[in-house]
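Okay, structure first, notes after.
In what follows, every heavy atom counts, from backbone to side chain, and hydrogens, waters and symmetry copies are set aside. Chain identifiers are assigned alphabetically (A, B, ...) following the order of the sequence lines, protein sequences preceding nucleic acid strands; residue numbering begins at 1 within each chain.
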Amino acid sequence: MPSSTRVRFAPSPTGYLHVGGARTALFNWLYARHTGGTLVLRVEDTDAARNTAEANEAIFEGLRWLEIDWDEGPDVGGDFSPYRQSERREIYDRYFSRLEEKGCLYEDEGAMRFRMPNQPVEIDDLVCGEVRFEDRQDPDMTIRRADGSYIFHFVSVVDDIEMQISHVIRGEDHLSNTPKHIDLYRAFDAAPPRFAHIPLILNQDGSKMSKRDQGASMQEYIDGGYDPDAVRNYLLLLGWNPGDDREKFRREEMIELFDLGKVNRSHARFDLEKCLWMNQQYLLKMPTPKFVKTAVVYLEKTGLSLEHVSRPLEVIELFQEKIHRLAELPEMLGPFLQDEVEVDPQALEKVRSREGAGDLLTALNAAFESMDAWDPESLETALKATADEAGVKPGALMFPLRFAASGRPHGPDLYPMLALLGKDTVIKRIKVTISLLS
RNA sequence: GACCCGUUCGUCUAGUGGUUAGGACACCGGGUUUUCAUCCCGGCAACAGGGGUUCGAUCCCCCUACGGGUCGCCA
């Protein structure tokens, strides 16, 4: 049974999709799906001077990336078409006339203004509860510019009436605007929808998150090689929780559990660390073939070529449990991509400070040179035997060896890494390191 | 300035008129992986302040402080 719930996400295409906007879209989408209702995507492009086609595309791309799908919108149509405000001129004119006939408007320097009744208004907000505006002092609001184009507050209300929106779920920054909107509904003799004002997302320091701030643009997540499932999950937790300790939710699970009544009332600070952790968790649990495939697509997009890497898929697989996001991959792939190893100076010092590291590497080199098989198991056996002979613990060999093979203190599991690097490369690099140490 | 919203560990948050105020991230310590950025275990750490109401308040009410939002011919 389809419900009559109709919600909308109404972005203005003036830039990329903001993380706050993405979460607003997410909550709208979840509510629509949870209730079996309809999600409308409406493009609020009434300010021609500020809107661009690129921004429009970026917003669509961001939503699709998060797998937020809509039922009605500029690209898919619907019963209340068109869904771009720039194409709804006649509708606004019609509503405008109604206000004009009722004597609600007057002209001011060519623009048209709506006389604010400034009567008390009470909102029963689904998130904030009952909010009363008693002592209102709003100035008359402009609803049409001198050039004939309409202003946000007006078109937003008209469209919500026309598109039969039942629930307006939007950022809390609109809570203070709501009385003005209610005045318009009253002027049109229309019943206002239910409102749900969701808290904002702030920066680490509590300031308002804006354009340049880290994590603000959805593009950062796309470019950074995040898993959309992880980002969606993290965003969901910024302002909503199921009331218990669970915090990882599959897409279907979110839909089932989501409820506006459980949305928080206070603002949340954005924590990139936790977002990265969430992403790492998702990468870790991803089926390996999917991880590899996703990584390959990502690397191709960044223009990094694995042409000269033998067994590239196995190499990528090595890093699944080591990275937080795919953007870390190009850097980490270094030892596989370049002939010469880039030496981490601190790691070099650490190896230097270990007594006998050079001798151990020499012994290791000899052992490796005589090996026929070159697989993780054989390598492990050879290393342990060498350690035994030298009277040291295997651990004493592993760090110098890792450093020799990759130039770095960290990396994937040692033996599989050596195996994939290949015998020639590893031996060559051990020799270089020995000379570096002497 | 006026109006509106908010305030539990550093961060995201759970929670109830009586709890050792719980979980997660981060951080610190230990263990495993005889490497490591994974993993496991442990630890640190919070009810903004002041008045009420009450036998009893983190929870209910008021005030203050602080934070955020709105007051555009931006959305």
Side-chain angles (χ1 to χ4, degrees), chain A residues 10-15 21 44-47 49-51 85 108-113 116 123 125 127-129 131-139 141-153 155-156 170-180 197 199-202 204-208 234 237-248 262 264-278 280-281 283-284 319-324 328 332 380 383-384 387 392-403 405-406 408-415 417:
Chain A
S12 179
T14 55
E44 307 222 326
D45 56 352
T46 56
D47 188 354
R50 291 166 38 112
N51 300 137
Q85 292 185 330
D108 176 23
E109 292 187 27
M112 295 303 289
R113 296 173 78 113
M116 294 302 302
I123 303 159
D125 193 278
V127 172
C128 303
V131 182
R132 268 178 273 276
F133 295 81
E134 306 276 5
D135 179 26
R136 298 184 53 202
Q137 304 163 41
D138 293 321
M141 77 175 144
T142 305
I143 64 165
R144 198 179 74 177
R145 300 182 184 91
D147 68 4
S149 63
Y150 292 96
I151 301 291
F152 160 74
H153 300 292
V155 293
S156 174
R170 59 184 7 172
E172 205 216 72
D173 47 343
H174 283 303
L175 183 57
S176 297
N177 286 147
T178 307
K180 290 186 284 200
H197 287 95
L200 303 179
I201 300 178
L202 308 177
Q204 264 310 280
D205 65 0
S207 62
K208 190 182 178 183
Y234 177 72
L237 257 23
L238 245 32
W240 180 89
N241 70 80
D244 54 41
D245 289 341
R246 284 175 294 175
E247 57 175 7
K248 289 178 190 163
K262 287 206 77 67
N264 253 327
R265 299 181 62 169
S266 53
H267 298 328
R269 298 180 188 211
F270 182 81
D271 184 0
L272 191 60
E273 287 291 333
K274 185 154 187 180
C275 185
L276 275 169
W277 170 81
M278 184 67 81
Q280 178 255 116
Q281 294 286 304
L283 291 184
L284 204 57
F319 293 94
Q320 178 168 11
E321 57 175 29
K322 297 291 175 179
I323 60 173
H324 291 81
E328 291 164 16
M332 297 186 87
E380 185 170 357
L383 184 137
K384 283 181 174 171
V392 298
K393 289 197 287 187
L397 283 179
M398 291 178 89
F399 187 81
L401 179 55
R402 168 182 295 286
F403 170 75
S406 69
R408 303 170 181 202
H410 308 299
D413 285 341
L414 184 59
Y415 304 116
M417 178 178 85

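Atom-to-atom, CG of A:Leu200 to P of B:U7 comes out at 14 Å; the value is rounded to the nearest Å. Between the CD atom of A:Gln320 and the P atom of B:A37 there is a distance of 18 Å, rounded to whole Å. As rounded to whole Å, 8 Å separates atom P of B:C25 from atom NZ of A:Lys248. Protein atom CE of A:Met398 is 15 Å distant from nucleotide atom C1' of B:A37, rounded to whole Å. B:G15 atom P lies 10 Å from atom CG of A:Asp245, rounded to whole Å. Separating the CG atom of A:Leu202 from the C1' atom of B:C66 is a distance of 14 Å, rounded to the nearest angstrom.
Salt-bridge annotation for A:Arg246 and A:Asp244: present, with a side-chain N of the basic residue lying under 4.0 Å from a carboxylate O of the acidic one. The pair A:Asp138-A:Lys180 does not count as a salt bridge, with every side-chain nitrogen at least 4.0 angstrom from each carboxylate oxygen.
Taking 4.0 angstrom as the limit, A:Asn264 places a side-chain polar atom (N or O) nearer than this to OP1 or OP2 of B:U13. Distances shown here put every side-chain N or O of A:Arg269 at or beyond 4.0 Å from the OP1 or OP2 atom of B:G10.
Using a 4.0 Å heavy-atom distance criterion, A:Thr46 is classed as a sugar-phosphate-only contact. In this structure, A:Leu414 reaches the bases: a heavy-atom distance under 4.0 Å links it to at least one base atom across the strands shown. Counting non-hydrogen atoms under 4.0 angstrom, A:His410 reaches a base of the nucleic acid. Residue-level contact check: A:Asp138 touches neither bases nor backbone, having no heavy atom under 4.0 Å from any strand. Within 4.0 Å of A:His197, counting heavy atoms only, lies no atom of the nucleic acid at all.
Out of B:C39, B:G69, B:U35, the shortest distance to the side chain of A:Leu284 is found at B:C39. Of the listed nucleotides (B:A75, B:U13, B:U35), B:A75 has the atom at the smallest distance from the side chain of A:Glu44.
No donor-acceptor contact under 3.5 Å links the side chain of A:Lys274 to the base of B:A26. For A:Lys180 and B:C71, a side-chain-to-base donor-acceptor distance below 3.5 Å is absent, hydrogens and geometry of angles not being considered.
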